[in-house]
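In what follows, a structure is listed as structure tokens, so that the remarks can point back to it.
Chain letters run A, B, ... following the sequence lines, proteins first and then strands; every chain starts at 1.
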Amino acid sequence: MKKKTFSEKVYAFTKQIPRGKVATYGQIARLAGNPCAARAVGMCMKKNPYIPLVPCHRVVGSDGNLTGYSVREGLVTKKAILLAEGVVFRGDKVDLQRSLWTQ
DNA sequence: TGATTGACAGCGT
DNA sequence: CACGCTGCCAATC
């Protein structure tokens, strides 16, 4: 049976995010099959048992606002990583217009 | 098993 | 533009 858990799907999609691009929690939730499970996505990311497998730092808020990543101070690192990846930043937020992951 | 949490999203004020 | 409230989902305690 291919009945994967919601979290498994979330990790799978997040893992597919190309370098230099970012996805929103809502988008991941939507790809996973539940457009309203953005919160659940965030929680699974926090737990993230696939740390080296899932680049959770490529997942941002609906407005491109960086959230979570361990602690507030961690957002600085997250931003640095994304910037290094080639993601376009607009102040303290990601320029979704430029770096939103679109299949 | 039940109740609570949590890295969201959308809308209104 | 900034802030607050509500609704939804899954995982965790």
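- For the pair A/V54/A/M45, a side-chain contact is recorded, criterion being any heavy-atom separation below 4.5 Å from C-beta on.
- The heavy-atom pair separating A/L31 from A/F13 by the smallest distance is O-CE1, 3.3 Å.
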Go through it in stages, so that I can follow the logic: the residues are A/F89 and A/L66, the test is side chain to side chain contact (heavy atoms under 4.5 Å, CB included), and I'd like the CA-CA distance, side-chain angles, deciding distance and then a yes or no. CA-CA 11 Å; A/F89 266 77; A/L66 280 66; 3.7 Å; yes
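- Protein atom CZ of A/F6 is 7 Å distant from nucleotide atom C1' of C/dC9, rounded to whole Å.
- B/dC8 atom C1' lies 14 Å from atom NZ of A/K93, rounded to whole Å.
- Between the NZ atom of A/K4 and the P atom of C/dA11 there is a distance of 14 Å, rounded to whole Å.
- Rounded to whole Å, the distance from CE on A/M45 to C1' on C/dA10 is 13 Å.
- Spacing between atom CG of A/N65 and atom P of B/dA7 amounts to 13 Å, rounded to whole angstrom units.
- Considering only the side chain of A/K46, B/dA7 comes nearest among B/dA7, C/dA11, B/dA9.
- In this structure, the nucleotide among B/dC8, C/dA10, B/dA7 sitting nearest to the side chain of A/A38 is B/dC8.
- Across B/dA7, B/dG10, C/dA10, the shortest atom-to-atom separation from the side chain of A/M43 is found for C/dA10.
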Enumerate the protein-to-nucleotides 11-13 of chain B contacts in which both atoms are nitrogen or oxygen and the separation is below 3.5 Å.
none

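- For residues 12-38 of chain A, there are no side chain to side chain donor-acceptor pair (under 3.5 Å) pairs, not counting sequence neighbours.
- Less than 4.0 Å separates DNA chain B from at least one heavy atom of each of the following residues of residues 14-37 of chain A: A/T24, A/Y25, A/G26.
- Side-chain N or O atoms of A/R98 include none that pairs as donor or acceptor with a backbone N or O of A/V88 at under 3.5 Å.
- The CZ atom of A/R39 sits 9 Å away from the C1' atom of B/dA9 (whole-angstrom rounding).
- Between A/D63 and A/K93 there is no salt bridge, since no side-chain nitrogen of the basic residue lies less than 4.0 Å from a carboxylate oxygen of the acidic one.
- For A/S7, the listed nucleotide lying nearest its side chain is C/dA11; candidates were B/dG6, C/dA11, B/dG10.
- Linking Ile, Leu, Val, Met, Phe, Trp and Tyr residues whenever their side-chain heavy atoms come within less than 4.5 Å places A/L96 and A/L75 in a single cluster.
- Note on A/S62: a side-chain N or O is less than 4.0 Å away from OP1 or OP2 of B/dA9.
- Going from atom OH of A/Y50 over to atom P of B/dA7 covers 20 Å, rounded to whole Å.
- Of the candidates A/I81, A/L82, A/V60, A/D95, A/V87 forms a side-chain contact (heavy atoms from CB on, under 4.5 Å) with just one, namely A/L82.
- Rounded to whole Å, atom P of B/dA7 lies 11 Å from atom NZ of A/K78.
- Within a 6.0 Å sphere centred on CG of A/N65, heavy atoms belonging to other residues, nucleotides or ligands number more than 12.
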